[in-house]
Amino acid sequence: MNDTFGECGRPRIGWQIDPFGHSREQASLFAQMGYDGLFFGRLDYQDKRERMTHKRAEMIWKTSDNLQDADLFTGVLYNLYQAPPGFCFDILCSDEPFMDNPYSAENNVKAKVDKFLYYVNLQAESYRTNNIILTMGGDFTYMDANVYFKNMDKLIKYTNALQANGSNVNVFYSTPSCYLKALHDVGITWPTKSDDFFPYSSDPHSFWTGYYTSRPTSKRFERVGNHFLQVCKQLTALAPTRESHMEPHLNMLREAMGVMQHHDAITGTEKQHVANDYARMLNRAMRACGANAKVALNQIVDPKYKRSARSGFGLPTEHPTPYPEYTFAFESCHLLNVSKCELTESKDSFTVTLYNPLAHAGHEYVRVPVTGGRYIVRDYRNVEVSSQLVPIPESVLNLSYRFSNATSELVFLANELPPIGFKSYFVTRAIDSLDDFLHESPASVATTVPSAEQTLAKQQAAQWHSEEVTIGNKYLNVSFDSNGFLSSITIDGVTNRLRQTFVYYEGTLGNNEEFRNRSSGAYIFRPNGTEKAVTENVQLKVVKGPTVQEVQQVFNEWISQVVRVYADESHVEFEWMVGPIPVGDGVGKEIVSRFYTAAQSGGVFWTDANGREMIKRVRNHRDTWDVDLMEKIAGNYYPVTAKIALEDENLRLAVLNDRAQGGSSLEDGSLELMVHRRLLHDDAFGVEEALNEKAFGKGLVARGKHWVVFGAKKPTSPTPEARERFLQNRVLLPNWLFFSDVGEVKYEDWQKRYTNSYSALSLSLPLNVHLLTFEPWKDNSILVRFEHLLEKGDDPLYSKPVRFNLQDVFRQFSIEEVREMTLAANQLKEDSTRLKFKPDPAYIVYSSVKRDVALEPPSPLPPNVLASRSPLMNELTRNVADDGFEIMLKPMEIRTFVFQLEYKP
């Protein structure tokens with residue numbers, strides 16, 4: 001917008017008139033972008049009633065427990081985004097237009113204006129100043145804008161004409177920014193709020209908590225899209241020679257991901273054909289960006305492209321067309337979640353390249369689908385890496401639409417993975433017998449001479465278990481009872497209850513004509529009674545090896561799960577698979593994974609706000625009003641985008657997820673996450689379709705992961721909270737796997753001729769600092785964001801402010817200048833000033849119980865001047881000092897910089 005409209009076009013207002021609930025973190029991000037305020041339309045009907053009654057519809061939202069200057073003025077719109085009743089002048093509306101012919105019997109000017117003034121005065125009673133904002137729109141309006149504007153012109157003209165007769169109402173076209181400025185200039189004080197606006201209910205039986213889970217596979221695809229967007233941005237910025245196709249390809253993925261954030265896209269509240277279109281768009285964009293990744297990786301691995309035209313990352317030179325032929329494919333396998341990858345299944349030797357998008361050296365357990373036999377994995381130093389073959393669960397093999405010959409996954413630990421860089425492994429099928437050589441059927445596995453550990457894994461997997469089973473490693477063991485359910489976890493010799501099972505709710509079916517007949521649907525979660533058990537007995541298969549131990553569970557024909565413990569991880573991984581959800585009985589179902597512990601959590605649990613700060617939730621409670629819940633299950637559901645947790649003095653349980661889901665703690669010690677839902681009736685909030693997803697002619701199957709971190713509460717570093725934060729980052733942005741067929745290349749040549757391990761950084765960042773952004777920016781510059789990963793009280797060590805030196809980390813770059821920007825990178829930080837609003841004095845206590853609230857606003861104070869920059873601020877921005885760009889980050893702080901690179905011919 002800066003580039004198109006100049007700085008006057010820079011947004012300063014959040015305008016969220018239709019999202020169904022509001023996250024505190026979103027408001028915090030607006031504040032960090034330099035916004036002055038936020039206006040929105042939807043909030044809980046009880047909350048709205050309270051606020052409108054007590055003039056608390058406009059407030060100062062305290063959007064962070066950690067950051068300074070995080071207040072954001074927030075206003076609730078009176079009538080969602082609609083025109084006042086009777087004043088929708090659109091061709092879609094049946095309201096009467098202005099008929100102002102003075103001689104017409106139909107003349108309705110006086111009646112219209114009187115009705116309008118009545119409405120305006122009614123609205124004014126709910127707000128503190130003599131300025132009010134009227135929204136004039138609706139879904140699909142302004143298709144014939146002329147009609148609407150012509151009538152609004154008349155409304156303004158005739159209403160203002162009454163000022164001559166002493167009317168005190170003045171109407172004019174305006175913008176949210178102008179309205180906010182008027183509120184600011186009145187100089188009064190405002191109420192405050194420090195929780196968020198979840199969950200949203202529009203009537204006693206309509207909690208909009210179903211969309212937290214709706215369309216679980218598109219929610220996952222969006223998350224994968226972001227993962228690849230970060231990889232693609234980084235590799236495009238790192239390409240030694242920038243090719244002309246790169247920017248348009250990267251923009252395709254940026255735009256597809258932007259569209260996916262729409263409040264009817266990521267939410268799953270769109271029609272099926274629209275969801276299909278989003279998937280098509282994202283798929284195309286990922287392929288396009290795949291071309292960037294392939295070129296950048298080939299340029300880096302092959303010395304002949306070594307920055308010939310750019311020493312030390314100067315200006316990217318445009319490639320002479322035609323583009324060169326590159327050696328390696330660097331393909332992505334997009335169906336690894338069903339253990340399918342054509343390249344690894346069909347080739348005798350291939351490389352696996354792990355690209356690490358984090359700014360810390362890391363490790364990853366790699367799982368590659370193969371057709372059996374024995375494989376040798378070597379790293380770039382010709383060291384053989386130990387690996388384990390794990391049979392693919394039967395429920396995955398039996399997917400009717402999975403066309404793959406893979407029967408096993410080759411699992412190995414990839415270690416010391418370079419930060420913002422990659423490392424490649426060379427995998428070869430070992431030829432042990434003629435059968436193998438001839439690529440006989442996968443059954444030929446039996447005729448090979450497998451190593452002992454591989455035999456062990458095979459035999460143990462062969463039979464179903466009914467006795468108790470334990471799997472684990474040096475950090476923890478998890479045990480399953482004789483019915484096949486996970487039952488306990490042992491850490492440091494102490495065993496605690498930890499049970500996991502699947503339950504489902506039946507969706508209410510109604511005609512939606514009155515509140516009590518509301519159906520469960522894409523938006524609404526409305527269970528018809530309490531949960532139902534899925535099974536009393538779970539079938540188990542056990543696989544044990546040196547790299548991973550896992551239990552493959554089958555709950556019924558349509559729910560299965562793998563519980564895994566990797567040799568070097570201190571968490572447990574659950575990979576669930578649910579679907580097709582049966583609806584032959586005419587009942588929609590909503591499936592939940594539930595965990596039980598003995599923790600005395602007292603009704604309290606925590607959910608993340610957009611993956612950053614954790615927000616305290618209390619069962620059957622809202623911070624700002626006395627809630628009266630008629631839907632005890634749906635009314636306690638909250639959005640979980642990264643983590644849900646509970647604890648008591650001694651124990652803590654956290655569950656991390658791989659996509660947005662709804663979650664809750666409906667009884668002490670228990671957490672649940674809804675993983676999938678299939679419903680047979682629309683909920684009448686606009687989709688006009690039942691949420692009944694199908695794929696390949698059957699109900700949709702969804703598969704995903706939960707990571708469980710369980711342990712004693714302890715004050716020493718690293719605390720469970722810190723471990724969870726670090727793990728959260730690793731599962732959000734794991735290493736991206738690229739595969740290349742190297743059938744034509746001998747290992748020795750590959751090792752000698754190519755760069756198979758690379759990092760763009762000269763130093764890992766501190767563990768509690770995340771490189772949030774690293775992408776090509778305008779005119780030979782790079783946009784970089786650093787994020788402090790922890791909150792204030794998370795950890796005695798890692799929660800401290802942290803300092804590091806840019807030069808030390810980015811030694812390979814010739815940085816000419818570093819400019820600090822606002823979060824949106826569209827304004828220099830030092831040029832950003834925000835309007836400041838004064839909170840009500842502390843003695844005005846708001847509580848829906850005490851009705852003696854001071855309703856009269858205090859007498860206006862003079863308008864407050866813009867806050868000048870505090871000396872502390874100056875100290876912090878002295879980042880481009882002579883000592884080479886020292887950066888300090890406080891807990892949860894994100895700082896945004898543009899690195900201007902030198903041009904070196």
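Numbering of residues begins at 1 and proceeds along the displayed sequence.
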Trainee: Is a side-chain donor-acceptor pair under 3.5 Å present for E590 with S520?
Mentor: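 Note: S520 and E590 side chains meet the donor-acceptor criterion.
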
Trainee: Could you go step by step and tell me if H706 and Q661 meet the side-chain hydrogen bond (donor to acceptor under 3.5 Å, both in side chains) rule?
Mentor: CA-CA 11 Å; H706 288 144; Q661 291 168 332; 3.0 Å; yes

Trainee: Anything under 30° is parallel, anything over 60° is perpendicular, the rest tilted; go ahead and classify W208 against F685.
Mentor: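 The rings of W208 and F685 sit tilted, inter-plane angle from 30° to 60°.
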
Trainee: Going by side chain to side chain contact (heavy atoms under 4.5 Å, CB included), R215 matches just one of R220, Q272, E222. Which one?
Mentor: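 Running side chain to side chain contact (heavy atoms under 4.5 Å, CB included) over R220, Q272, E222 with R215 returns exactly one hit, Q272.
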
Trainee: State which residues pass side-chain hydrogen bond (donor to acceptor under 3.5 Å, both in side chains) with D628; sequence neighbours excluded, sorted by chain then number.
Mentor: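 In terms of side-chain hydrogen bond (donor to acceptor under 3.5 Å, both in side chains), with neighbours along the sequence ignored, D628 is linked to no residue.
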
Trainee: How are the rings of F40 and H22 set to each other: parallel, tilted or perpendicular (split at 30° and 60°)?
Mentor: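 Parallel, since the angle between the ring planes stays under 30°.
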
Trainee: Using the test side-chain hydrogen bond (donor to acceptor under 3.5 Å, both in side chains), find all partners of E573 that sit at least two apart in sequence or belong to another chain.
Mentor: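 Only R564, W707 meet the side-chain hydrogen bond (donor to acceptor under 3.5 Å, both in side chains) criterion with E573.
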
Trainee: Can you confirm if the aromatic rings of Y211 and Y523 lie within a centre distance of less than 6.0 Å?
Mentor: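 No, the ring of Y523 stays outside the 6.0 Å limit from the ring of Y211, centre to centre.
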
Trainee: Before giving the answer on side-chain hydrogen bond (donor to acceptor under 3.5 Å, both in side chains), spell out for H621 and D623 the whole-Å C-alpha distance, their side-chain angles and the decisive distance to 0.1 Å.
Mentor: CA-CA 7 Å; H621 167 87; D623 283 2; 2.9 Å; yes

Trainee: Is the ring centre of Y566 less than 6.0 Å from the ring centre of Y365?
Mentor: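 Ring-ring flag for Y566/Y365: true, centres closer than 6.0 Å.
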
Trainee: Sequence neighbours left out, what passes side-chain hydrogen bond (donor to acceptor under 3.5 Å, both in side chains) with N735? Give chain and number order.
Mentor: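 E364.
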
Trainee: What donor-acceptor contacts under 3.5 angstrom involve side-chain atoms of residues 592-600, with partners at least two apart or in another chain?
Mentor:
residue	atom	partner	partner atom	Å
S593	OG	Q500	NE2	3.0
R594	NE	E672	OE1	2.8
R594	NH1	E531	OE2	3.0
R594	NH1	Y596	OH	3.2
R594	NH2	Y505	OH	3.1
R594	NH2	E672	OE1	2.7
T597	OG1	A599	N	3.2
T597	OG1	G669	O	2.8
Q600	NE2	A598	O	3.3

Trainee: Sequence neighbours excluded, which residues qualify as ring pair (Phe, Tyr, Trp, His ring centres under 6.0 Å) partners of Y401?
Mentor: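 Expected list: F696.
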
Trainee: Do F207 and F525 have ring centroids that are under 6.0 Å from one another?
Mentor: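 Aromatic pair excluded; centres sit 6.0 Å or further apart.
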
Trainee: Considering residues at least two apart in sequence or located in another chain, which fulfil the side-chain hydrogen bond (donor to acceptor under 3.5 Å, both in side chains) criterion with R49?
Mentor: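 Here no residue qualifies.
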
Trainee: Checking side-chain polar atoms at under 3.5 Å, does D264 have a donor or acceptor matched by the opposite partner on T269?
Mentor: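 Present: a donor and an acceptor within the cut-off.
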
